[in-house]
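Okay, so here's the structure we're looking at.
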Amino acid sequence: MQSNYSKNSKMINIPVKLGEKSYGIYIQNELIKSIPIILKKEVNPKNIIIISQDIIIQNYGKELLENFNKNNLTCEIISIANSENAKSLNEYDKVIKKLFDFKCDRSSIILALGGGVVGDLAGFVASTFMRGIKYYQIPTTLLSMVDSSIGGKTGINTKEGKNLIGSYHQPKAVLIDPYFLNSLPKEEVYSGLGEIVKYGFIKNIEFLEKVDYWLDDIKNFPFIEAITESCKIKAEIVSKDEMESGLRRILNFGHTIGHAIEAHVGYNKIRHGEAIAYGMLCAGWISEKNNFLNLNEFEKLVKIIKKLPLPKIPQMQKDDLLPYILKDKKNEKNKFNFIVLDKLGNAISTDKISINKILESLIILS
Ligand code: GLY
């Protein structure tokens, strides 16, 4: 997708403040060219391993390797499967075996070059290999730039569900190069808009107003500004609650129903950000029906979400989603932590929402 990603040349640095585990989120066009220099300054690693996928390696691998060579750094590339299937114990095992083949040790570092699937698997590998080695997140999709690359959540899937095995392992830095968006299909880019809107709903009304305005002219959407503001919000939340014992839960706004929709419709038929947008419609409906949000604000939420270019989804019945809702990780000791808005720009967690109410909210999608 070609767009206007060229408005900044200055490096933006957003801190994630976690004591000794603190790190920066760096945003700059063509940052990919500076990666070897950043790595040399920060850690001077013995061996660097890039974990990525074929399509990304085809687009950027050659350039990256040339830049490494110019800086007298060597690196190896591990390519993982090209779908959510890559987040499996089998693929994890394959990657670990390759790390041993490449004679990696505790001083090796991993670069996770890709979207959420790559970041989650590579982060999990980094957190467990020799009890934990350093890694950098280099997100290549809008969704991973504004969400999954930040905050250290890593994970793989099992047949019992998504991300049920994982860890918190913070990266050494998140390196965001908005130019990567140029090589993505526009639907893939637009899917990330769901998570960007979410940050406005849960934490910042001024940002929400801006996104609402930007969505009227989506072809000229100012991605760098939106990525920067989204990363600032996520960094602030993670800095206050790394392990999701409280505040961080608000990032799950729209996710309980969104995940269920994704699982029911099929991961290859709906993108994560699109499912989350539908999940936010339902969560907004629940917020209003339970007197957290007033009707005007709910109508505004609907108006904003409807500006997103979303695919049509099949009509769903309550029973279609129930099994996924019951399996949700946010379901603790039969108490359901559900995220509602008590006003636009402020989310809270509540255990007062019944499963039945959650399922009833599907009415807003029909
Ligand atoms: N993606 C939600 C979180 O990082 O907590």
Side-chain angles (χ1 to χ4, degrees), residues 14-18 21-25 84 87 112 114-124 126-127 135-157 161-171 173-174 176 191-204 226-227 229-263 267 271-280 283 324 328-332 337-341 347-349:
I14 300 163
V16 181
K17 296 179 191 154
L18 292 168
K21 291 183 278 178
S22 296
Y23 56 95
I25 303 166
E84 185 74 28
K87 284 176 60 176
V117 167
V118 170
D120 285 7
L121 175 69
F124 186 59
S127 79
Y135 78 116
Y136 287 74
Q137 289 278 12
I138 311 174
T140 56
T141 62
L142 185 59
L143 204 75
S144 57
M145 288 175 188
V146 298
D147 184 23
S148 58
S149 65
I150 305 160
K153 277 190 182 176
T154 80
I156 54 177
N157 307 330
K162 282 182 76 175
N163 297 323
L164 294 181
I165 298 177
S167 61
Y168 288 93
H169 185 54
Q170 299 298 337
V174 178
I176 299 178
S191 146
L193 295 176
E195 293 282 0
I196 289 178
V197 172
K198 182 193 79 179
Y199 288 114
F201 284 141
I202 63 170
K203 201 78 181 113
N204 189 324
I227 293 168
E229 289 309 309
S230 300
C231 290
K232 276 187 192 161
I233 296 171
K234 177 133 188 194
E236 189 194 323
I237 292 171
V238 169
S239 298
K240 288 186 179 144
D241 178 22
E242 180 188 6
M243 304 289 188
E244 200 172 305
S245 45
L247 179 69
R248 188 167 176 170
R249 289 183 187 153
I250 67 171
L251 293 170
N252 294 323
F253 178 61
H255 281 58
T256 300
I257 299 166
H259 282 157
I261 294 174
E262 239 181 329
Y267 294 105
R271 294 177 176 82
H272 177 71
E274 297 163 346
I276 295 316
Y278 283 121
M280 290 191 293
Y324 304 108
D328 196 290
K329 284 201 291 316
K330 296 175 277 304
N331 188 355
E332 285 166 13
N337 288 306
F338 193 84
I339 308 303
V340 290
L341 300 183
I348 54 167
S349 176

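Sequential numbering from 1 along the given sequence is applied to the chain's residues. Order of listing sets the numbers, starting from 1, for every ligand and every atom in it.
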Do K198 and L251 touch side chain to side chain, with heavy atoms closer than 4.5 Å?
yes
Residue-level breakdown please: for D147 versus ligand 1, do any non-hydrogen atoms fall below 4.0 Å on the side chain, on the backbone, on both, or on neither?
side chain
Show your reasoning for whether salt bridge (Lys or Arg N to Asp or Glu O under 4.0 Å) applies to K232 and E236.
CA-CA 6 Å; K232 276 187 192 161; E236 189 194 323; over 6 Å; no
Quick one: which ligand 1 atoms are inside 4.0 Å of a heavy atom on K234?
1 (N), 2 (C), 3 (C), 4 (O)
Is there a side-chain contact between Y168 and M243 (heavy atoms, below 4.5 Å)?
yes
E244: numbered ligand 1 atoms lying under 4.0 Å from its heavy atoms:
5 (O)
Tell me whether R248 has any N or O atom under 3.5 angstrom from an N or O of ligand 1.
yes
Evaluate side chain to side chain donor-acceptor pair (under 3.5 Å) for D241 paired with S245, printing each intermediate quantity in order.
CA-CA 7 Å; D241 178 22; S245 45; 3.0 Å; yes
